[in-house]
Amino acid sequence: MVAQPVQKVFPLTLKITNLPSSNSSRPWRIPVRIDCYLSHIKMAGLSFDNFQRNQYIASKGVAMPKATSTGTTIVGCKFNGGVVIAADTRATAGPIVADKNCEKLHKLSPKIWCAGAGTAADTEMVTQLIGSNLELHSLYTNREPRVIASLTLLKQHLFKYQGHIGAYLIVAGVDPTGAHLFSIHAHGSTDVGPYQTLGSGSLAAMSVMETQWKENMTKEECIKLCADAIEAGIWNDLGSGSNVDVCVMEVGKDAQLLRNYITPNIREQKAKSYKFKKGTTAILRESIYNLVDVEETEIPVPMEVDA
Amino acid sequence: MSDPSSINGGAAVAMVGKDCVAIACDLRLGNQSLGVANNFEKIFNYDHTFLALTGLASDVTTLSEVFRLKTNLYKMREERSIEPETFANLVSSTLYQKRFGPYFIGPLVAGINSLTGKPFVCGFDLIGCIDYAKDFVVSGTATDQLYGMCESLYEPGLGPDDLFETISQAFLSAVDRDALSGWGAVVYVITKDKVTKRLLKTRQD
Amino acid sequence: MNGVSVDINHLKKGEVNLGTSIMAVTFKDGVILGADSRTTTGAYIANRVTDKLTQVYDKIWCCRSGSAADTQAITDIVRSYLTYQVGSDNFERPASVNVAASIFQELCYNNKDNLTAGIICAGYDEEKQQGEVYSIPIGGSIHKQDFAIAGSGSGFIYGYCNENFRKNMTRDETVNFIRKSLGQAIKWDGSSGGVIRMIVLTKAGIERLIFYPEETYLVPKEFEIPQAA
């Protein structure tokens with residue numbers, strides 16, 4: 001009996017999909033699907049790999065690092081024929097101002113926008129995720145996305161995570177059914193109303209809303225009211241500050257984002273410069289790298305032909 | 001044991017200048033108050049995109065390798081190097097993937113977009129929230145001191161040489177008031193076609 | 001939580017609470033549901049015009065108390081279940097109040113460790129031509145009653161309701177009974193307040209009512225303005 005040779009299997013199989021055609025602009029390119037064999041890339045969704053490790057570390061009585069939170073003032077208000085949302089632009093990490101001009105107004109779809117308070121990364125990521133699902137849904141159904149649909153997607157996602165995703169949102173927008181305004185809490189509960197406020201400055205903003213709000217406002221009145229409510233948060237809440245961002249969504253029109261609509265906290269220009277003379281800093285070693293590759297290409301010169 | 005992100009110590013800063021960016025880090029690796037190494041660089045480059053990682057040293061090393069893998073795969077698929085803005089989103093989603101068991105790090109990204117020539121810096125929190133800044137970003141155990149130094153020393157529109165002096169002086173002054181950072185420092189000044197890496201002369205205590 | 005003593009007052013930190021006064025009462029022609037309109041996060045009133053009366057099927061509604069997120073999630077599930085399964089055209093008969101309440105009960109019982117939800121499910125049964133009220137308190141038991149009260153404010157009005165409820169009241173008598181009961185609950189319970197909302201479910205259809213504090217239910221008797229005829 002002849003011993004069969006043992007077939008060696010290379011652990012990383014390379015599948016060559018469509019081979020390049022001869023007239024390809026990049027003839028040397030062979031598309032190779034490697035990524036699907038690498039767990040890092042393949043994994044979709046959240047990974048809980050480090051959870052146990054961190055729980056162990058936490059059990060030793062260690063303080064966990066703080067994530068950036070948007071200790072925030074966000075508001076929303078409906079007007080005759082549309083809806084306005086607004087936010088301040090301060091991001092904090094504990095007592096430190098992490099970002100003086102961050103964006104808290106997120107786009108879910110061209111005419112549905114969302115203001116976020118709570119854990120900054122959560123508001124950003126949950127908005128991106130639901131925004132992407134909303135676009136797929138609108139492509140599938142061949143219809144403009146609806147505010148109620150985005151509200152349902154958001155609340156079901158947040159409820160699933162039982163409040164561990166710290167996103168507090170004011171969702172607003174216009175769709176074929178009209179203008180809508182909602183708020184969502186991290187645990188997944190939602191509220192409806194003609195005006196909404198959320199975040200650490202919501203109390204200051206609500207005091208403005210409760211005193212100034214009236215029925216059947218014009219667009220301009222509504223923008224003013226929202227900006228005033230945010231300003232109340234900027235001045236009276238430590239977690240809120242810097243500028244006012246506004247987004248106006250009007251029925252039958254494109255949404256318009258008014259970034260830094262009001263900037264009441266511009267830093268005064270420094271009277272003198274702190275520029276240092278060249279050579280102030282003592283150096284031990286210096287090395288220089290070039291970032292451009294030098295490529296030499298021979299260009300065939302066409303032969304001159306005598307007439 | 002204290003906060004995981006301040007066991008090993010370390011600090012980093014990045015600044016925007018005129019057609020240039022600078023990014024700096026210290027070289028200390030410690031175990032609480034005990035200094036362990038003075039050659040632990042916290043800045044990594046993926047072609048023309050630079051990444052500073054402060055925080056828990058094991059996570060710094062792990063993540064720098066994860067991003068090496070991911071940027072290499074990106075390069076194979078796209079047949080070009082990753083741009084700083086794209087890399088920032090890669091860092092963000094990689095960190096958020098571990099939302100409920102995060103890496104204890106504070107990353108900074110700096111670079112110049114090779115297509116538009118626009119300087120770019122940004123910072124992150126440990127779960128991937130991007131802090132887009134038009135001036136400077138800071139990270140590490142000397143964060144408070146760095147914010148103070150940068151707020152006072154920084155001015156917009158500095159050229160590569162001026163930017164080097166400003167970032168270096170801001171960084172050295174900040175790090176000298178942090179017991180867990182120091183033991184040497186490196187500064188990268190990045191322009192469209194050239195990277196200058198300088199090793200600074202610093203206190204060694 | 002050890003199974004024997006269950007902490008019914010636990011809420012996840014920072015969770016939105018419906019510290020509530022809700023009730024549903026059967027009467028001659030059907031059933032009326034009533035609720036206050038206050039939603040709280042700690043000491044802050046997150047919403048003063050909340051609608052805690054939620055429709056799950058044509059003439060089957062419910063009053064929600066406990067966690068806002070939990071009760072909304074449950075009612076959303078029950079509504080979709082009744083609309084697309086039990087009550088759909090594939091079935092011979094439309095969904096009954098009994099079936100709706102049973103689905104609520106099933107959900108509340110199976111997930112009792114993770115839920116803080118006290119629900120009153122009430123509706124007009126088209127087949128039996130009568131109103132029905134089912135109370136499903138925290139823990140997931142189910143109780144068919146002539147009338148039911150629930151929520152933090154209900155503790156103040158057990159005596160009043162027991163003394164004043166009569167079977168087969170008229171519509172106006174029932175509305176007045178609920179208005180006075182909830183008026184007292186709101187008065188004494190700090191986490192109930194705002195307006196009183198009602199839903200009247202009869203053979204004739206669905207009717208919504210609203211009562212404002214200053215002009216209806218919080219006016220002391222001696223200052224009450226006589227109603228114009």
Side-chain angles (χ1 to χ4, degrees), chain A residues 26 29 31-32 34-35 38 40-41 43 45-55 57 60-68 91 93 96-103 119-122 124-125 164-165 270 273-292, chain B residues 1-5 47-48 55 66 69-70 73 76-77 79 92-93 95-104 106 114 123 125-134 143-144 147 152-155 158 161-162 164-166 168-169 172 184 187 190-201:
Chain A
R26 293 173 294 184
R29 183 176 182 255
V32 180
I34 304 176
D35 49 295
L38 295 164
H40 266 108
I41 308 296
M43 261 231 309
L46 294 162
S47 140
F48 292 83
D49 286 0
N50 288 343
F51 187 79
Q52 283 203 315
R53 180 195 74 163
N54 294 352
Q55 282 257 297
I57 296 171
K60 299 282 165 190
V62 176
M64 285 293 125
K66 276 206 178 67
T68 315
I96 300 291
V97 176
D99 195 341
K100 289 190 278 186
N101 196 187
C102 70
E103 281 189 58
T119 311
D122 286 337
E124 182 67 44
M125 293 307 189
H164 294 291
I165 292 180
K270 269 182 262 184
S273 169
Y274 269 112
K275 242 189 202 168
F276 295 94
K277 271 196 209 128
K278 269 173 206 169
T280 307
T281 315
I283 301 163
L284 290 177
R285 204 184 316 137
E286 180 180 78
S287 38
I288 298 173
Y289 308 86
N290 278 320
L291 276 180
V292 280
Chain B
M1 197 159 65
S2 65
D3 180 1
S5 55
D47 293 330
H48 62 289
V66 166
L69 169 86
K70 291 194 173 188
L73 284 167
M76 283 167 74
R77 193 199 282 264
E79 295 162 6
S92 177
S93 45
L95 293 184
Y96 197 77
Q97 199 160 56
K98 297 249 187 289
R99 168 63 178 81
F100 297 113
Y103 293 112
F104 299 112
S114 69
D125 69 0
L126 77 166
I127 50 171
C129 177
I130 308 179
D131 170 6
Y132 293 106
K134 63 178 201 313
T143 295
D144 295 11
Y147 269 126
S152 49
L153 296 195
Y154 180 82
E155 56 189 87
L158 294 170
D161 293 343
D162 286 332
F164 167 72
E165 299 295 347
T166 301
S168 301
Q169 289 302 318
L172 290 177
V187 179
I190 304 144
T191 54
K192 196 161 175 25
D193 51 1
K194 197 172 77 174
V195 178
T196 313
K197 178 184 178 184
R198 295 187 180 94
L199 179 68
L200 303 191
K201 193 172 179 187

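Throughout, protein chains are lettered first and strands after them, A, B, ... in sequence-line order, and every chain is numbered starting at 1. The structure presented is a predicted model; accordingly, all values stated were derived computationally and were not measured.
- Interatomic distance, A:Lys270 NZ to B:Ser152 OG, rounded to the nearest 0.5 Å: 6.5 Å.
- Neither the backbone nor the side chain of B:Thr143 comes within less than 4.5 Å of any heavy atom of chain A.
- Only the side chain of A:Lys100 comes within contact range of chain B, with at least one heavy atom under 4.5 Å from a heavy atom of that chain.
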message: For B:Phe104 and A:Asn54: C-alpha separation, side-chain torsions, deciding distance, then whether side-chain contact (heavy atoms from CB on, under 4.5 Å) applies.
response: CA-CA 9 Å; B:Phe104 299 112; A:Asn54 294 352; 3.2 Å; yes

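- Only the side chain of A:Ile96 has a heavy atom closer than 4.5 Å to any heavy atom of chain B.
- The backbone N or O of A:Arg285 lies less than 3.5 Å from no partner atom in the side chain of B:Lys197, so there is not a single donor-acceptor pair.
- Scanning both residues, A:Gly279 and B:Glu165, for their nearest heavy atoms gives N-OE2, 2.8 Å.
- Scanning all heavy atoms of the two residues, the minimum distance from B:Cys129 to A:Ala120 falls at SG-CB, 3.3 Å.
- A:Lys278 meets the salt bridge (Lys or Arg N to Asp or Glu O under 4.0 Å) test with B:Asp161; sequence neighbours excluded.
- Only the side chain of B:Leu158 comes within less than 4.5 Å of a heavy atom of chain A; its backbone N, CA, C and O stay farther away.
- Contact tally against chain B (heavy-atom pairs below 4.5 Å) for A:Glu124, A:Gln52, A:Arg53: the top residue is A:Arg53.
- Counted within 6.0 Å of NZ on B:Lys201, heavy atoms from surrounding residues, nucleotides or ligands total 12 or fewer; the atom is thus considered open.
- The CG atom of B:Leu199 sits 9.5 Å away from atom CD1 of A:Ile283, with the distance rounded to the nearest 0.5 Å.
- The most heavy-atom pairs under 4.5 Å with chain A, out of B:Ser92, B:Pro102, B:Gly184, come from B:Pro102.
- To the nearest 0.5 angstrom, B:Arg198 atom CZ is 9.5 Å from A:Ser287 atom OG.
- Side-chain polar atoms of A:Thr281 and B:Gln169 form a donor-acceptor pair below 3.5 angstrom.
- Residue A:Asp49 holds its CG atom at 7.0 Å from OH of B:Tyr103, rounded to the nearest 0.5 Å.
- Every side chain to side chain donor-acceptor pair (under 3.5 Å) that B:Tyr96 has, sequence neighbours left out, goes to A:Asp122.
- Inter-residue side-chain proximity for B:Thr166 and A:Tyr274 is flagged as unmet; no heavy-atom pair is nearer than 4.5 Å.
- Closest non-hydrogen pair, B:Thr191 versus A:Leu291, comes out as O-CD1, 3.8 Å.
- One finds the CG atom of B:Asp125 at 11.0 Å from the CG atom of A:Asp99 (value rounded to the nearest 0.5 Å).
- Proximity to chain A (any heavy atom under 4.5 Å) is shown, for B:Phe100, by both the backbone and the side chain.
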